[in-house]
There are 2 protein chains.
Amino acid sequence: MPSSVQHKRIRKTPAARRAEIVDAAAAVALAEGLECVTLRRIGEELGVRPGLISHYFPSADDLVAEAFGSASSAELDSLLPAERAQGTPTLHLGWFFARAAGASYDNISRLWINARHLSRYRPVLRDRVAEQEAAWRERLTDLIRQGVDRNEFRTGDPYLTTIQILVVLDGLGAHANTDTSNRPAEVSRMAATTAERELGLPHGTLTRSDAPLTASPTG
Amino acid sequence: MPSSVQHKRIRKTPAARRAEIVDAAAAVALAEGLECVTLRRIGEELGVRPGLISHYFPSADDLVAEAFGSASSAELDSLLPAERAQGTPTLHLGWFFARAAGASYDNISRLWINARHLSRYRPVLRDRVAEQEAAWRERLTDLIRQGVDRNEFRTGDPYLTTIQILVVLDGLGAHANTDTSNRPAEVSRMAATTAERELGLPHGTLTRSDAPLTASPTG
DNA sequence: TTGCTTATTGGTCGCACACTCAATAGCATC
DNA sequence: GATGCTATTGAGTGTGCGACCAATAAGCAA
C-alpha cells in the first residue's frame, strides 16, 4: 500500500501538467493567500517535487501572477458572464450585487487585497492586477452599455459609472479580513445604491428580494 | 576612524530606546511596508544588534502591530486633529479631502492595504487595525456631529455618513499600488461628493479651490 | 523489443527570517 | 574610584524560501 508517498513517477504532457499546476496554485491563492503559493506548497498539493514546479515556472513570481490571474478571471466569468443568454441587464446587475455583497465573495475580496498589496513588491503581479482590473471594468461597462441601449439604464458616461461602482465595491471589500459583521444594511447596499443613483433607477431596483439571488444568470 | 561600524555601545533608558525602535519601525512601515519591519532591518536602522530589538519586543508581531498603530495614529492626528483650534467643520472636512485625495496620501493608503492584508495572518495586527479603524471613524464622526450642531451639515445619522465616506475613501485608496494616474476627476472627487450629498451641502463646497489646501488646519 | 526524448526526481546551495541565551560593558550610584 | 544593575552584544539554532543541476525513468516512436 504505497499510497501515502508517491514513488512512482507519473509523466504528463507539459500542457496538462501546467494546467494542473495553475489550477492548484489558484485554489491555494484563494483559500490561503498568494504568499502560500510557493514551489514547495504547490508541489506538495500535486504529490510532486518542488523542482518540477520550478521547471514549468522558472521564476516563482510568474506562478503567483498566474495563480491570481486564473482565480480572478474565473470569478469574473462566473459573476459577469461575457455572453448573457437570458435575463435583462437590470437582472444581471442585481445578481451581480447580490453575490458581491454576500459572504461568499469574501474570498475574492481577500484575494484582491492580497494581490493589490503584493503588487507593491512584484512587478509581474502588478501587471496582472492591472490587466484584471481592466477586464472587470470592461465587462461591467459592457453590461451597463447594453442596459443604456435597451433604455433600462440612463447615464451619460457608462465608463465613469462603472468606475464609481467598482470604487465602492473595492471600499466594501477592503474590510474582508476584519469585521463586516456589524455593518449597517445601508452600507452593505452602498454598491447597489450607487448604481441605482448613477443609472437613474428607482431605489431598490437592484436589491429586489424576489429575484433568485443565488441562481447563476447563465445556469 | 571607526565611524563605519558601531563597536561602542550606547546605553539608553528602556523608555527612550523603545520609543526610538517604534519610531524607526513606523518609518520603515510607511516607506517600505510592514514586511520590512524585521528585527534585522530595524536594528540596522538604529545601528544596533537585532537581539536588542528582540529584547524590547519578544514577539516580532507586536513590533509590526506597534509600527502600524504608531504610523496610523500619527497620520490621523495630522489629518483630523482631535481639538480644532480654528476653522469650521466645513473647512476642516475640505482640508481632509484635499489631503486624502493628494498623492502624498498614497503612502498611507499603501500602509492600510498592507495592514489589512497582513491582518489575515497576524491576529495582533488585526486587533490593532480594528482599533485604528474605530479611531478614524470616531474622529470623523465627531467632526460631522459638530458640523450638524452648528447647522453646517444636515444628516440624520452622522455615524452612517461617516462609514459611507470612509468606504469610498478605502475604495479610492485600494489602487495606491497600481495606476491612479489616468483617473477621471469625478472619481478623485468621489469622497468629497459623497460627503456633500450625505451632508446636504451644495456640490463643490468641500473642494473649493480658494481654500489653503496644503496648510495644516491647526497652524 | 529497443532506443530516445524529456518530464521528473533528489539533493544542494545561499539567503533571510525569528528566537534563545550566556557573556559583556555602559552608567548611575555610592 | 569601586560596585552593581541591566542594557546590549555575539554567537548559534532551526525553519522556509527560490534557485540550480546532474541523474533517472516514463512513455512514445521506430
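Only heavy atoms go into these numbers, but all of them, side chains included; no hydrogens, no water, no symmetry mates. So you know, we letter chains A, B, ... as the sequences are listed, proteins then strands, and number each from 1.
Within 3.5 Å, a donor on the side chain of B:Arg40 pairs with an acceptor on the base of C:dA18, or the reverse.
Listed pair A:Tyr56 / C:dT8 meets the phosphate criterion, a side-chain N or O lying under 4.0 Å from OP1 or OP2. Between B:Arg9 and D:dT9 there is no side-chain N or O to OP1 or OP2 distance below 4.0 Å.
Between the CZ atom of B:Phe57 and the P atom of C:dC17 there is a distance of 18 Å, rounded to whole Å. Between the CZ atom of A:Arg49 and the P atom of D:dA22 there is a distance of 19 Å, rounded to whole Å. Taking atom CG of B:Leu63 as the reference point, atom P of C:dC19 lies 10 Å away to the nearest angstrom. Computed from coordinates, the B:Arg41 CZ to C:dC15 P distance equals 19 Å when rounded to whole Å. One interatomic measurement links the two molecules: CG of B:Leu52 to P of C:dT20, which rounds to 15 Å at whole-angstrom precision. Look at OH on A:Tyr121: it is 15 Å from C1' on C:dA16, rounded to the nearest Å. Rounded to whole Å, atom C1' of D:dG27 lies 10 Å from atom NZ of A:Lys8. One interatomic measurement links the two molecules: CD1 of B:Ile10 to P of D:dT6, which rounds to 21 Å at whole-angstrom precision.
Nucleic acid contact for B:Pro14: sugar-phosphate only, since backbone atoms but no base atoms lie under 4.0 Å from a heavy atom of the residue. Residue contacts for A:Thr38: at a heavy-atom cut-off of 4.0 Å it reaches the sugar-phosphate backbone alone, with no base atom in range. Contacts of B:Pro58 with the nucleic acid, taken as non-hydrogen atoms under 4.0 Å apart, involve only primed sugar atoms and P, OP1 or OP2.
Remark: B:Arg49 does not engage B:Glu44 in a salt bridge, criterion side-chain N to carboxylate O under 4.0 Å. Under 4.0 Å is where a charged nitrogen must lie from a carboxylate oxygen, and between A:Glu75 and A:Arg99 at least one such pair does. Here A:Arg40 does not pair with A:Glu45 in a salt bridge; the nearest charged N to carboxylate O distance is not below 4.0 Å.
Annotation for A:Thr178 and B:Val129: closest pair CG2-CG1, 4.1 Å, computed over non-hydrogen atoms. The minimum heavy-atom distance linking B:Leu169 with B:Ala100 is given by the pair CD1-CB, 4.2 Å.
Looking at B:Asp106 and B:Asn177, their side chains never come closer than 4.5 Å, going by heavy atoms from C-beta outward.
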Protein-nucleotides 2-5 of chain C N/O pairs closer than 3.5 Å?
none

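With A:Arg183 contributing its side chain and A:Leu172 its backbone, the two residues share a donor-acceptor pair below 3.5 Å. Looking only at distances, no side-chain donor or acceptor of B:Ser78 sits under 3.5 Å from a matching main-chain atom of B:Ala74.
Candidate nucleotides D:dA19, C:dT8, D:dT8 were compared by shortest atom distance to the side chain of A:His55, and C:dT8 ranks first. The side chain of A:Leu39 lies closest to D:dG18, out of D:dA26, C:dT9, D:dG18. Side-chain proximity of B:Ala60 to the nucleotides D:dA19, C:dA18, C:dT9 is greatest for C:dA18.
The residue among A:Thr13 and B:Ser59 whose nearest nucleotide of DNA chain C lies closer to the 5′ end is A:Thr13. Both A:Pro50 and B:Asp61 lie near DNA chain C, and the one whose nearest nucleotide falls closer to the 5' end is A:Pro50.
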